[in-house]
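Structure, as structure tokens:
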Amino acid sequence: MKSLHSFATETEIPKSTLKRWLNANGFDTSNGLSEDAIAAACAHFRVEPPQSTVVNAEIVPANFFQSSELQATDYCEACLPEGFDPAAMVKFFDGVAGQATDTSALVSVAQMAIQAADVAMQNKIAQQREVLSQAEKDQATLDRMLAEAKVKLQISAMESKLLAERQTTATRVTEARFQELMGMGKPIAQPTEPPQP
């Protein structure tokens, strides 16, 4: 039984990619990789199976005890018996089954979400700047139009006042001339003599 981490390291396959593919194809990776899982992964990802580096183990090396004195012996790596499952021992004593999640994928998704939110916010700010710029231009245009209109209306009001005054004067003079003309057509009144006694 080989661990997922060691197999991914030896074959240079990303651990998250390997785990996702194995789980999707019905292989349980919680207790390591079976020979079938290793063979299927090697065939799918087109990699050579990693070479086993386990040395034949001996509980007590041969020729360890001598009749006279102890002599140096060749090193032999000791290993657990075949079929021993450390995870089973953990479950026997602990009894708690945890859930492992590929946190690197969570970090990648979080980064993408933050980047997407930042891009959306920058787009919103750019649109706001554009709308504000147009509003400020329109404000300046209206300020100029209002100032020009005030000056023009004041000038027009003064002209209207002068015209009204001239109209009043012309009307009064015309009426006076008309009265004078009408007076010329009346008979001159004769002085009346006082009655004689």
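As the structure is a prediction and not an experimental result, all values here were calculated from the model.
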Throw together a table of side-chain donor-acceptor distances under 3.5 angstrom for residues 108-115, partners on residues two or more places apart or in other chains.
from, atom 1, to, atom 2, distance (Å)
S108, OG, S104, O, 3.0

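- Within a 6.0 Å sphere centred on CD of Q122, heavy atoms belonging to other residues, nucleotides or ligands number more than 12.
- Here M145 is tied into one hydrophobic group with L142, each link being a pair of ILVMFWY side chains closer than 4.5 Å.
- More than 12 heavy atoms of other residues, nucleotides or ligands shown are found within 6.0 angstrom of CD on E165.
- Annotation for H44: atom NE2 counts as buried by contact number, over 12 foreign heavy atoms lying within 6.0 Å.
- Checked by atom type and distance alone, the side chain of S160 never pairs as donor or acceptor with a backbone atom of S156 at under 3.5 Å.
- Distance check, rounded to the nearest 0.5 Å: CD of E180 to CZ of R177 gives 6.5 Å.
- Through direct or relayed side-chain contacts under 4.5 Å between Ile, Leu, Val, Met, Phe, Trp and Tyr, V47 connects to L4, F7, I13, L18, W21, L22, F27, L33, I38, F45.
- Annotation for Q128: atom CD counts as buried by contact number, over 12 foreign heavy atoms lying within 6.0 Å.
- In terms of heavy atoms, P49 sits closest to C42 at CA-SG, 3.7 Å.
- Counting heavy atoms from C-beta on, the side chains of T17 and R20 come closer than 4.5 Å.
- Here side-chain hydrogen bond (donor to acceptor under 3.5 Å, both in side chains) pairs that include residues 129-142, with residues two or more places apart or in two chains, are Q134-D138.
- Taking OG1 of T11 as the reference point, atom CD of E48 lies at 11.5 Å (rounded to 0.5 Å).
- In this structure, a donor-acceptor pair under 3.5 Å is absent between the side chains of D36 and S34.
- Listed by chain and number, the hydrophobic cluster partners of I125 are M121, where partners are ILVMFWY side chains within reach of under 4.5 Å, directly or through others.
- Grouped by direct or indirect side-chain proximity (heavy atoms under 4.5 Å, Ile/Leu/Val/Met/Phe/Trp/Tyr only), L163 sits alone.
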